[in-house]
Amino acid sequence: MKGKPCFLGMQAEGREWVDMFSKEAIRQFDYVFSDAMTFTDHRGKRVRLWMKDEVEVGDKQAFMEMLVQRIQGILNDEPIDVYVNPTFLPAVIAEEYDQLWTEQRMDKVIEAAAANGVAIEINAKLRLPRPEFIKRAKRAGVKFTFGTNNGGRELGRLEYCLDMIKECRLTPGDMFVPGRGNDD
């Protein structure tokens, strides 16, 4: 793809990716993106949030505190440019999204993203994050990208992202551009 008019992104899966790739290998990409869909829980068990048989929520509030801590760890400790699939919750608690993603939890994630210059994906397929999160992140100076979380051949037309541009009053200056430092 060298010399082609496109950006090259590295998808960093799982938390162990940091030890699997050299800094030189990572630098060959224009940006690196990751999520908190795979992590090790407080019992040392590997969890993939989209796999129903791997998720043990138990106490919902404790689970959310652990999830927010894992997200903060990713944003603070991993050399990523974009945090994708933001605010994703496993199916067993997804219907309680608005109650579980409290202002305090949103702000912890947003503060870590802002402090580390990490952009937040607005995910068209998952319709995440919700407008309140986007507005809070915008006020904190966080940049945004649009995405779909894979999805086969039909990627759609990013309708949710376009709706969020209007509802959250996003401007070109709110968007992440690889290689710009994203401080401007």
So do the side chains of Phe88 and Pro86 get within less than 4.5 Å of each other, counting heavy atoms only?
no
Non-hydrogen side-chain atoms of Asn123 and Val84 separated by less than 4.5 Å
no
Search all heavy atoms of Pro79 against all heavy atoms of Trp17 and return the closest pair with its distance.
CG-CH2, 3.6 Å
Could you pull out the closest heavy-atom pair between Met175 and Phe144, with the gap in Å?
CE-O, 3.2 Å
Separation between CD of Glu16 and OG1 of Thr38, rounded to the nearest 0.5 Å:
8.0 Å
Output the distance between atom CG (Asp174) and atom CZ (Arg169), rounded to the nearest 0.5 Å.
12.5 Å
Within this structure, what is the CG-CD1 distance for the pair Leu158 and Ile122, rounded to the nearest 0.5 Å?
10.0 Å
Quick one, Ile134 and Leu170 - any side-chain contact, counting heavy atoms below 4.5 Å?
yes
Would you indicate whether the side-chain heavy atoms of Pro129 and Met164 approach each other to under 4.5 Å?
no
Atom CZ of Arg46 with >12 non-hydrogen neighbours under 6.0 angstrom
yes
Measuring from atom CE of Met1 to atom CD of Gln28, what distance do you get when rounded to the nearest 0.5 angstrom?
14.5 Å
A side-chain contact here means heavy atoms from C-beta on lying under 4.5 Å apart; do Lys138 and Cys168 qualify?
no
Partners of Lys45 by side-chain contact (heavy atoms from CB on, under 4.5 Å), sequence neighbours excluded?
Asp41, Arg43, Glu56
Measure the shortest side-chain to side-chain distance between Leu89 and Leu67 over non-hydrogen atoms and say whether it is less than 4.5 angstrom.
yes
Taking only Lys NZ, Arg NE, NH1 and NH2, and the carboxylate oxygens of Asp or Glu, determine whether Arg48 and Glu13 approach each other closer than 4.0 Å.
no
Please check this pair: side chain of Thr145 against backbone of Phe176, looking for a donor-acceptor N/O pair closer than 3.5 Å.
no
Under a 3.5 Å distance rule, please check whether Arg105 uses its side chain to pair with a backbone N or O of Leu100 as donor and acceptor.
yes
Using a 4.5 Å cut-off on heavy atoms from C-beta on, say whether the side chain of His42 contacts that of Glu65.
no
Could you pull out the closest heavy-atom pair between Phe39 and Met66, with the gap in Å?
CE1-CE, 3.7 Å
Would one find more than 12 heavy atoms of other residues, nucleotides or ligands at under 6.0 Å from atom CD of Glu95?
no
Pick from Trp101, Phe133, Tyr97: which one makes a side-chain contact (heavy atoms from CB on, under 4.5 Å) with Leu128?
Tyr97
Measure the CD-CE distance between Gln104 and Met64 for me, rounded to the nearest 0.5 Å.
11.5 Å
Donor-acceptor pair, distance only, cut-off 3.5 Å: does the side chain of Lys108 make one with the backbone of Glu103?
no
Going from CD on Gln61 to CD on Gln99, what distance comes out if it is rounded to the nearest 0.5 angstrom?
10.0 Å
When every non-hydrogen atom of Ser34 is compared with those of Arg15, the smallest separation belongs to OG-NH2, 2.8 Å
Locate the shortest heavy-atom distance separating Thr148 from Glu121; write the atom from each residue and the value.
N-OE2, 3.9 Å
Could you tell me which non-hydrogen atom of Ala114 sits nearest to which non-hydrogen atom of Ala140, and how far apart they are?
CB-O, 3.8 Å
Within the side chain of Asp30, is there an N or O that forms a donor-acceptor pair under 3.5 Å with the backbone of Gly9?
no
Which residue, Ile74, Asn76, Leu75, forms the side-chain contact (heavy atoms from CB on, under 4.5 Å) with Gln72?
Asn76
Are Asn85 and Leu49 packed together at the side-chain level, in the sense that at least one heavy-atom pair is separated by less than 4.5 angstrom?
no
Could you tell me whether Glu132 and Lys135 have a side-chain N and a carboxylate O separated by less than 4.0 Å?
no
